[in-house]
Amino acid sequence: GMNREEVLARLAAQERALQVVEQRLRPAAWVEPAEVEAYYHASFVPEFASRSEGEPPPLPAIETQIREILVQKKINELLTTWLEELKLARRVRVH
């Protein structure tokens, strides 16, 4: 039941919210090289083996993608914590 302008306005508001989250939380979502290596061995390699035949790509070939996965997971955790802190400190209305 939304018209084009309402949809675009809602998308723009969501994009602004994502930018705020990204600017505030990404710097705190640092991933150590050991975390990337641990994810590769504990998660990526077993998942690859269950879905594909052959050898998994070497870690250096997919390190950037794994790092981004781990950063996004940390951002999600930080966002949950930040929202809880905001709820405790102020009245927050969820739309």
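These numbers come from the heavy atoms of this one structure, side chains and all, not from hydrogens, waters or symmetry mates.
Ion pairing between Lys74 and Glu77 fails under the 4.0 Å rule for side-chain N and carboxylate O. A salt bridge links Glu63 with Arg67: the closest approach of a Lys/Arg side-chain nitrogen to an acidic carboxylate oxygen falls below 4.0 angstrom. Look at Arg26 and Glu68 and you find a salt bridge, because one of the NZ, NE, NH1 or NH2 atoms lies within 4.0 Å of a carboxylate O, short of that distance.
Counting Ile, Leu, Val, Met, Phe, Trp and Tyr side chains that sit under 4.5 Å apart, directly or through other members, Met2 shares a hydrophobic cluster with Val7, Leu11.
Nearest heavy-atom pair across Gly54 and Phe48 is O-CE2, 3.8 Å. Taking every heavy atom of both residues into account, Pro57 and Ala61 meet most closely at CB-CB, 4.5 Å. The shortest non-hydrogen separation linking Pro27 to Gln23 is CD-O, 3.5 Å. Contact detail for Ala29 and Val71: the closest heavy-atom pair is O-CG2, 3.5 Å.
Under 3.5 Å, the side chains of Trp82 and Glu84 contain no donor-acceptor pair of N or O atoms.
Other residues, nucleotides and ligands contribute more than 12 heavy atoms inside 6.0 Å of the CD atom of Gln14.
Side-chain N or O atoms of Ser52 include none that pairs as donor or acceptor with a backbone N or O of Ala49 at under 3.5 Å.
One distance of note links CD1 of Ile69 with OG1 of Thr64; it measures 11.0 Å at 0.5 Å rounding. To the nearest 0.5 angstrom, Thr80 atom OG1 is 11.0 Å from Glu85 atom CD.
Side-chain contact between Tyr40 and Ile62 is present, with at least one heavy-atom pair separated by less than 4.5 Å. Here the side chains of Ile66 and Val31 are not in contact, with every heavy-atom distance at 4.5 Å or above.
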Step-by-step salt bridge (charged side-chain N to carboxylate O under 4.0 Å, His left out) determination, Arg10 to Glu6: CA-CA 6 Å; Arg10 175 140 330 154; Glu6 291 169 332; over 6 Å; no
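In the hydrophobic cluster analysis, where Ile, Leu, Val, Met, Phe, Trp and Tyr join through side-chain heavy atoms closer than 4.5 angstrom, Trp30 is grouped apart from Leu70. Linking Ile, Leu, Val, Met, Phe, Trp and Tyr residues whenever their side-chain heavy atoms come within less than 4.5 Å leaves Leu18 and Leu83 in two separate clusters.
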